[in-house]
Amino acid sequence: MLFFGTQDWAAEVLRQMAEDRFFEITHVITQPDQPTGRKQLLTPSPVKQIALAAGLSVLQPTDLKDPSFLRQIKESDAELAIIIAYGRILPEELISITPRGFINVHPSLLPKWRGPSPIQAAIAAGDEKTGISIMLIDTKMDHGPLLAQMEFPLSEDATFINTMKFVEQTAPSFLIKTVKEFVENKLAPQTQNHAEATYCKLLKREDGRIDWNRSAIEIERMVRAYEPWPSAWTTATHEDRTMRFKLLEVKAHPDRDSLPPGTLLRSDDTLFVGTGAGLLQVLSIQPEGKKTLSAQDFLCGYETLLGKRFDG
RNA sequence: CGCGGGAUAGAGCAGUCUGGCAGCUCGCAAGGCUCAUAACCUUGAGGUCGUGGGUUCAAAUCCCACUCCCGCAA
């Protein structure tokens, strides 16, 4: 069996699979070490660290079509491959190497939210539930037949962070159970209903910019969905400088009369911002280069911003 | 050597450019006002200005080194 993965939760899955005698992992494939952090230190991926600790063979190809890499994979005679948060699109000749295909985990209720940011998309859209799908890979993104699916509710205070945490805790055992059933031929792959497919895109920094003309409810969802990346942020002019502010915790008051969009208002120790529909209460906010501040702390030091507006 | 912001009272910040009494808002304490209050008035306590060195009659402020926090980028 081959294991493709890079990010944290893939590492957790790998850790559990490496401990399970059912699986014989021949190669772990992960992204090359990347410079990361403020110091740009060359850092191995979480998956690589787990793999090395478990004594597994690690490959880090920069080119997935590299002939010597493909030959090495073929020679392993792996029956099946698992791919989780690897971070690359796999070429067709690679997918066809393993006789039983590639199994992928996708944190949405496919065919909803195909693409690289399904959890964020579900929260930002206000979905009441989402899920985890396990599927076989085909040539199109998140398009292959489903092996199993589980769903869970998204509450009013669901954030990307707490939802991802839940997925990290839930997905490994679900995946392991599903893979075993698949290997033992107890599962029949089900074709997705392609007509109902929806898509999400790779989020960029600019996607986190708040449009204050949108409703308070929509902005609150965005704040919950986009932390820690790309964060929901806005800008304002403070002491002749344009500063960026990240909104970390907010609460929408859709029924309250609004102010002009983006206007800051103080009410006792509470901070409100006007939106296109309703008021948005800000509970914690982080000025650029500063630590996260509660609304009360923010009001102490940034009082001069009151009555002014965040930029659209 | 990737780029940048920051460290000053319990909290958040100004003051640094141009060296000269340690400030603002909030909080805290006491008193007052009030039917009453989180409101309002008066007073008060609370500081190793991140650390170490240097320049100077004099350093939060200028120079050098260091530690820690954070934003960007990846």
Side-chain angles (χ1 to χ4, degrees), chain A residues 4-11 29-50 58 60-64 84-89 115-117 119-120 159-161 164 201-210 219 222-251 253 256 262-273 279-312:
Chain A
F4 289 72
T6 298
Q7 296 303 322
D8 287 317
W9 71 297
I29 297 90
T30 191
Q31 296 265 11
D33 299 353
Q34 307 263 351
T36 186
R38 247 182 281 273
K39 302 291 180 207
Q40 298 291 288
L41 297 175
L42 210 57
T43 309
S45 75
V47 165
K48 182 179 180 182
Q49 298 179 32
I50 294 287
V58 176
Q60 298 177 280
T62 51
D63 178 7
L64 293 174
I84 307 170
Y86 176 60
R88 286 264 194 100
I89 294 173
S117 58
I119 296 177
Q120 293 93 327
T159 62
F160 171 78
I161 292 174
M164 190 68 214
K201 58 175 185 170
L202 186 63
L203 295 170
K204 299 197 169 100
R205 169 59 72 189
E206 193 60 24
D207 294 322
R209 180 190 286 273
I210 293 170
I219 295 172
M222 181 173 163
V223 170
R224 288 191 275 119
Y226 284 3
E227 183 66 22
W229 173 264
S231 292
W233 53 272
T234 188
T235 56
T237 304
H238 180 57
E239 323 240 318
D240 295 329
R241 244 162 44 98
T242 297
M243 286 184 69
R244 185 197 298 262
F245 294 86
K246 276 188 191 176
L247 299 191
L248 298 176
E249 197 181 349
V250 300
K251 181 171 169 52
H253 295 273
R256 297 183 63 160
T263 307
L264 285 88
L265 169 74
R266 175 182 197 153
S267 172
D268 296 326
D269 281 338
T270 313
L271 174 64
F272 291 103
V273 185
L279 281 181
L280 190 72
Q281 179 184 355
V282 176
L283 296 164
S284 64
I285 182 170
Q286 181 174 28
E288 178 179 352
K290 293 292 196 175
K291 294 180 183 177
T292 301
L293 305 180
S294 68
Q296 290 180 2
D297 291 344
F298 179 82
L299 289 169
C300 287
Y302 293 84
E303 205 176 12
T304 54
L305 283 176
L306 293 174
K308 297 188 181 170
R309 293 173 65 163
F310 284 128
D311 304 322

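We name chains A, B, ... by the order of the sequence lines, and we start the count at 1 in each one.
B:rG15 and B:rU25: their P atoms are spaced 16 Å apart (whole Å). Rounded to whole Å, the separation between the C1' atoms of B:rC28 and B:rA45 comes to 9 Å. Nucleotides B:rU34 and B:rC70, compared at atom C1', are 46 Å apart to the nearest Å. Distance noted for atom C1' between B:rA22 and B:rC49: 8 Å (whole Å).
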Decide side-chain contact (heavy atoms from CB on, under 4.5 Å) for A:Leu203 and A:Tyr226; before the verdict, give the C-alpha distance in whole Å, the side-chain angles of both, and the deciding distance to 0.1 Å.
-> CA-CA 9 Å; A:Leu203 295 170; A:Tyr226 284 3; 3.7 Å; yes
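Inspection of the A:Thr36 and A:Thr43 side chains reveals no N or O donor paired with an N or O acceptor under 3.5 Å.
OP1 or OP2 of B:rA73 has at least one side-chain nitrogen or oxygen of A:Arg205 nearer than 4.0 Å.
Here B:rC26 sits opposite B:rG10 as a Watson-Crick or G-U wobble pair (both hydrogen-bonding atom distances under 3.5 Å). B:rA36: no Watson-Crick or G-U partner with both key distances under 3.5 Å is found in any strand. Nucleotide B:rG19 is matched to nothing when pairs are restricted to Watson-Crick or G-U wobble geometry with both distances under 3.5 angstrom. Remark: B:rG71 base-pairs with B:rC3; criterion is Watson-Crick or G-U wobble with both hydrogen-bond distances under 3.5 Å. Shown here, B:rA60 forms no base pair; nothing in the strands shown gives a Watson-Crick or G-U wobble contact with both key distances under 3.5 Å. The partner of B:rG46 cannot be assigned: no Watson-Crick or G-U wobble pair with both contacts below 3.5 Å exists in any strand.
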Show which side-chain atoms of residues 288-298 of chain A pair as donor or acceptor with protein atoms under 3.5 Å away, not counting sequence neighbours.
unit_1	atom_1	unit_2	atom_2	d
A:Glu288	OE1	A:Arg244	N	2.9
A:Ser294	OG	A:Asp297	N	3.2
A:Ser294	OG	A:Asp297	OD2	3.4

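Atom P of nucleotide B:rC72 and atom CZ of A:Arg209 are separated by 14 Å, given to the nearest angstrom. When the P atom of B:rA73 is taken as reference, atom CD of A:Glu288 falls 11 Å away, rounded to whole Å. The CD1-P distance, from A:Ile285 to B:rG71, rounds to 14 Å in whole Å. At whole-Å resolution of the value, CH2 in A:Trp229 and C1' in B:rG71 are 12 Å apart. Rounded to an integer number of Å, the gap from CD of A:Glu227 to C1' of B:rG71 is 13 Å. Between the P atom of B:rC70 and the CZ atom of A:Arg244 lies a distance of 17 Å, rounded to the nearest Å. Counting to the nearest Å, the P atom of B:rC72 and the CZ atom of A:Phe245 are 14 Å from each other. Going from atom CD of A:Gln34 over to atom C1' of B:rG2 covers 15 Å, rounded to whole Å.
Remark: A:Thr159 pairs with A:Asn162 by the side-chain hydrogen bond (donor to acceptor under 3.5 Å, both in side chains) rule, at least two apart or across chains. Residues forming a ring pair (Phe, Tyr, Trp, His ring centres under 6.0 Å) with A:Phe272 (at least two apart in sequence, or on another chain): A:His253. With sequence neighbours excluded, the residues satisfying side-chain hydrogen bond (donor to acceptor under 3.5 Å, both in side chains) with A:Glu227 are A:Ser231. In terms of the salt bridge (charged side-chain N to carboxylate O under 4.0 Å, His left out) criterion, residue partners of A:Arg266 (sequence neighbours excluded) are, by chain and number, A:Asp269, A:Glu303.
Residue contacts shown for A:Gln286 are limited to sugar-phosphate atoms, with no base heavy atom under 4.0 Å away.
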Below 3.5 Å is the cut-off: list the nitrogen or oxygen pairs between protein and nucleotides 8-14 of chain B, distance only.
unit_1	atom_1	unit_2	atom_2	d
B:rA11	O2'	A:Asp297	OD1	2.6
B:rA11	O2'	A:Asp297	OD2	3.0
B:rG12	O2'	A:Asp297	O	2.8
B:rG12	O2'	A:Gly301	N	3.3
B:rG12	N2	A:Cys300	O	3.4
B:rC13	OP1	A:Tyr302	OH	3.4

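Closest non-hydrogen pair, A:Ala225 versus A:Phe160, comes out as O-CB, 3.2 Å.
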